Amino acid sequence: MFPLIKDILAMNPDSGELRVRGWVRTKREMKNLVFVEVNDGSCLANLQCTFDGIPVPAGLSTGASVEITGRLVASPAQGQTVELAASALRVVGGAPAEDVPADGAAGNGGTGNAVRAYPLQKKRHSLEFLREMPHLRGRTNTIGAVMRVRSALAFAVHSFFRERGFLYLHTPIITGNDAEGAGAMFRVTAQGPAETAKAAKDGAETAAEFFGRESFLTVSGQLEAETYATALSRVYSFGPTFRAEHSNTARHLAEFWMIEPEAAFFTLSDNMALAEAFLKYLFSAVLEECGNDLCFFDTRVEKGIIDNLKSVIDSRFTHMTYTRAVAELEKANQSFEYKPYWGCDMQSEHEKYLTEKVAGGPVIVTDYPREIKAFYMKQNGDGKTVRAMDVLVPRLGEIIGGSEREDDPGVLQNRMAELGMNAESYDWYLDLRRYGSVPHSGFGLGFERLVQYVTGMANIRDVIPYPRAAGQLY
Ligand code: 4AD
Ligand code: MG
């Protein structure tokens, strides 16, 4: 395979003739000398190619794809040790610097159609502008760096669990149950509108469905992960999840990726220790693997992010019950938009206060009121709280949500009845409690929130290749 720019930049000068392929970021023309910066997305840095007395073809402009042959030489320029002294260049695909009208476009792929000028010619574009073109924004420094960090984090997720005996489990994407009981699900159907109308007229809605019953996109792989944790001891899923919430915030997506470990014989405190070790492992991995990209985020996006990650790695997460957390909020010397009280669902302003003002770092809040948490969480003896845990981090708030699971079939069935859930469709889930039931626990880490935290990116839509949110599907 031919080398990528990240490999070329690590080579010694005079390594013989090389060919580089990539996209032109900038071109600077001097008298007899032309400098072309080429990027191929393998790393943040461009490879500078110099053309000394060689004619440069007309189609060489920002955004064009090129193949350049030359020799690597020591670079006199600052910030790079090598550059390519080019001997030949081929423009593989042009990218017009100005709008090309329909009749003049024949040379541009020979289509004869009009072509708009390459939209990413400026040095910097706003993230809002880039969101309008997810198909091109990967060619910018910021989004390129985000995607490299994302990839490194995904690999680190697998390494972490592999090293600890967790098996990678593929939980279903199409499901018949609402794991979180929040009712924010996308329905899946193979019917067209006419068939749906006919089935409704005949009173045969469910029979006419593809699966013979209503089906949805999953909101969580947890319930299925639980079934395999009580067979394989330790499993984790890592896949897309879907929520039809209309929360138009900088930390919610309608399609996001979630990592959900589930472990048999794990208590809530084992679960908390796992979550803390997991986050620290991921931060260490990304510091080690994506040093240059993180330096970029540190200078351009969120000052001090590297020191911040390092300090989290060296810290011990603060533990706090929900009851204490609310007491802290009630005595806060600060007014909140949502007034805190025992029983309230914590808002991100509360989560930020607890992490930034009270703890000065990540906080694990446990033992939430049962009324605001999902049906499957293990009940404490007090009749009021459950063995839930949320991991909160500065800047973002909740990054992980999890719990010990209710392992007593009677208690679970009562809770489901209280919530008006259809016990029949969860019979398989109750079986886990009927046959060889064990204490078990797990959690879910929102992958995009993790990427946000590590990069300092303010909006979750900028850390996933194609963001899907209410009213937005590019
Ligand atoms: O707290 P949540 O809803 O927990 C669950 O789904 C459990 N079944 C997990 C488990 O115990 N196995 O979601 C877990 C995490 C949140 O802490 C958050 O990081 C992320 O998923 N998350 C979202 N990320 C982006 N957009 C959304 N709409 C999200 N909703 C949750
Ligand atoms: Mg949650």
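Treat the numbers as computed from the prediction; the structure is a model and nothing was measured. Atom set for the values below is all heavy atoms of this structure, side chains included, hydrogens, waters and symmetry mates excluded.
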**Message:** Heavy-atom count check: over 12 atoms from other residues, nucleotides or ligands less than 6.0 Å from Glu98 CD?
**Reply:** no
**Prompt:** Out of Leu419, Leu412, Asn414, which residue meets the side-chain contact (heavy atoms from CB on, under 4.5 Å) rule with Met416?
**Reply:** Leu412
**Message:** By the side-chain hydrogen bond (donor to acceptor under 3.5 Å, both in side chains) test, which pairs, at least two apart or in different chains, include something from residues 334-347?
**Reply:** Thr323-Trp342
**Complete:** Applying side-chain hydrogen bond (donor to acceptor under 3.5 Å, both in side chains) to Asp298 and not counting sequence neighbours gives none
**Request:** Say whether His158 and Tyr236, considering side chains only, have a donor N or O and an acceptor N or O under 3.5 Å apart.
**Result:** yes
**Message:** Check whether Ser237 reaches the backbone of His170 with its side chain - one donor and one acceptor, N or O, closer than 3.5 Å.
**Reply:** no
**Item:** Non-hydrogen side-chain atoms of Phe256 and Pro240 separated by less than 4.5 Å
**Value:** no
**Request:** For the residue pair Phe297 and Lys303, establish whether any side-chain heavy-atom pair is separated by less than 4.5 Å.
**Result:** no
**Asked** Taking only residues two or more places apart in sequence, or in another chain, which ones meet Tyr453 in a ring-ring contact (aromatic ring centres under 6.0 Å, His included)?
**Response** Phe283
**Prompt:** With a 4.5 Å limit on heavy-atom distance, are the side chains of Leu127 and Asn459 in contact?
**Reply:** no
**Request:** State, without any angle test, whether Ser75 and Gln80 hold a side-chain donor-acceptor pair at a distance under 3.5 Å.
**Result:** yes
**Prompt:** With no hydrogens and no angle check, do the side chains of Tyr376 and Glu180 hold a donor and an acceptor under 3.5 Å apart?
**Reply:** yes
**Message:** Would the distance check show the side chain of Lys331 and the main-chain N or O of Ala327 forming a donor-acceptor pair, the cut-off being under 3.5 Å?
**Reply:** no
**Asked** Side chains of Arg251 and Gln452: is there a donor and an acceptor less than 3.5 Å apart?
**Response** no
**Message:** Using the side-chain hydrogen bond (donor to acceptor under 3.5 Å, both in side chains) criterion, which residues pair with Glu349? Sequence neighbours excluded.
**Reply:** none
**Item:** Modelled atom types, side-chain donor and acceptor of Arg405 and Ser403, under 3.5 Å
**Value:** yes
**Request:** Using side-chain hydrogen bond (donor to acceptor under 3.5 Å, both in side chains) as the criterion, list what pairs up with Asp382, not counting sequence neighbours.
**Result:** Thr385
**Request:** State, to 0.1 Å, how close Ala95 and Ser61 come at their nearest heavy-atom pair, and which atoms those are.
**Result:** O-OG, 2.8 Å
**Message:** If you apply the rule side-chain hydrogen bond (donor to acceptor under 3.5 Å, both in side chains), what do you find for Tyr281 with Glu163, and how did you get there?
**Reply:** CA-CA 11 Å; Tyr281 182 98; Glu163 288 165 16; 2.9 Å; yes
**Request:** State, yes or no, whether a side-chain contact exists between Met185 and Thr175 at a heavy-atom distance under 4.5 Å.
**Result:** yes
**Item:** Parallel, tilted or perpendicular, as decided by the 30° and 60° cut-offs, for the rings of Tyr322 and Tyr368
**Value:** tilted
**Message:** Would the distance check show the side chain of Thr318 and the main-chain N or O of Ala359 forming a donor-acceptor pair, the cut-off being under 3.5 Å?
**Reply:** no
Show me the donor-acceptor pairs, under 3.5 Å and distance only, between side chains in residues 224-234 and residues at least two apart or in other chains.
| unit_1 | atom_1 | unit_2 | atom_2 | d |
| --- | --- | --- | --- | --- |
| Glu226 | OE1 | Tyr429 | OH | 2.9 |
| Glu226 | OE1 | Arg433 | NH1 | 3.4 |
| Glu226 | OE1 | Arg433 | NH2 | 2.7 |
| Glu226 | OE1 | His440 | NE2 | 2.7 |
| Glu226 | OE2 | Gln222 | NE2 | 2.9 |
| Glu226 | OE2 | Tyr429 | OH | 2.5 |
| Thr227 | OG1 | Glu224 | O | 2.6 |
| Thr230 | OG1 | Glu226 | O | 3.3 |
| Thr230 | OG1 | Thr227 | O | 2.9 |
| Arg234 | NH1 | Arg164 | O | 3.1 |

**Asked** Thinking salt bridges, do Glu448 and Arg461 make one under a 4.0 Å N-O criterion?
**Response** no
**Asked** Between Phe375 and Ala179, what is the shortest heavy-atom contact and its length?
**Response** CE2-O, 3.5 Å
**Request:** Would you please name every residue forming a side-chain contact (heavy atoms from CB on, under 4.5 Å) with Leu287, sequence neighbours left out?
**Result:** Leu294, Ile306, Leu309, Lys310, Ile313
**Complete:** In short, Gly456 meets Val301 closest at the heavy-atom pair O-CG1, 3.5 Å
**Prompt:** Between the side chain of Arg449 and the main-chain N/O of Glu398, is any donor-acceptor distance below 3.5 Å?
**Reply:** yes
**Asked** Would you say Phe443 and Ile259 make side-chain contact, with heavy atoms under 4.5 Å?
**Response** no
**Request:** Scan residues 313-323 for pairs that pass salt bridge (Lys or Arg N to Asp or Glu O under 4.0 Å), counting only residues two or more places apart or in two chains.
**Result:** none
**Under 3.5 Å donor-acceptor, Ser151 side chain and Met147 backbone** = no
**Item:** His125: partners by ring-ring contact (aromatic ring centres under 6.0 Å, His included), with sequence neighbours left out
**Value:** Phe129
**Asked** In terms of ring plane angle, is the pair Phe336 and His350 parallel, tilted or perpendicular, where the classes change at 30° and 60°?
**Response** perpendicular
**Prompt:** Do any N or O atoms from the side chain of Arg150 and from the backbone of Phe447 form a donor-acceptor pair under 3.5 angstrom?
**Reply:** no
**Asked** Do NZ/NE/NH1/NH2 and the carboxylate oxygens of Glu406 and Arg415 come within less than 4.0 Å?
**Response** no
**Prompt:** Taking the six-membered ring for Trp, are Phe160 and Phe278 parallel (under 30°), tilted (30 to 60°) or perpendicular (over 60°)?
**Reply:** tilted
**Message:** Suppose we screen for salt bridge (Lys or Arg N to Asp or Glu O under 4.0 Å). Which residues come up paired with Asp390, at least two apart in sequence or across chains?
**Reply:** Lys373
**Request:** Could you check Thr267 against Asp270 for side-chain hydrogen bond (donor to acceptor under 3.5 Å, both in side chains), going step by step and ending with a plain yes or no?
**Result:** CA-CA 5 Å; Thr267 61; Asp270 296 325; 3.1 Å; yes
**Asked** Is the shortest side-chain N to carboxylate O distance from Glu37 to Arg25 below 4.0 Å?
**Response** no
**Asked** If only atom types and distance count, is the side chain of Thr455 paired as donor or acceptor with the main-chain N or O of Val146 below 3.5 Å?
**Response** no
**Request:** Could you list the residues that satisfy side-chain hydrogen bond (donor to acceptor under 3.5 Å, both in side chains) with Asp462, not counting sequence neighbours?
**Result:** Arg131, Arg137
**Residues, nucleotides or ligands: over 12 heavy atoms within 6.0 Å of Phe155 CZ** = no
**Item:** Beyond-backbone contact of Asn380 with Asp367, side-chain heavy atoms, under 4.5 angstrom
**Value:** yes
**Request:** Find out whether Val20 and Ile8 are in side-chain contact, i.e. whether some heavy atom of one side chain is under 4.5 Å from a heavy atom of the other.
**Result:** yes
**Message:** Donor-acceptor check, side chain of Ser215 to backbone of Val188, threshold 3.5 angstrom: yes or no?
**Reply:** yes
**Request:** Go through the side-chain N and O atoms of Ser220 and Glu260 and say whether any donor and acceptor fall under 3.5 Å apart.
**Result:** yes
**Message:** Atom NZ of residue position Lys6 - does it have more than 12 heavy atoms of other residues, nucleotides or ligands inside 6.0 Å?
**Reply:** no
**Message:** Donor-acceptor check, side chain of Ser247 to backbone of Thr249, threshold 3.5 angstrom: yes or no?
**Reply:** no
**Asked** Is there any side-chain hydrogen bond (donor to acceptor under 3.5 Å, both in side chains) pair reaching into residues 283-296, and which pairs are they, with sequence neighbours excluded?
**Response** Arg148-Asp293
**Asked** Is there side-chain contact between Met320 and Thr366, with at least one heavy-atom pair below 4.5 Å?
**Response** no
**Message:** What I want to find out is whether Glu418 reaches Arg370 closely enough, with some N-O distance under 4.0 Å, to be called a salt bridge.
**Reply:** yes
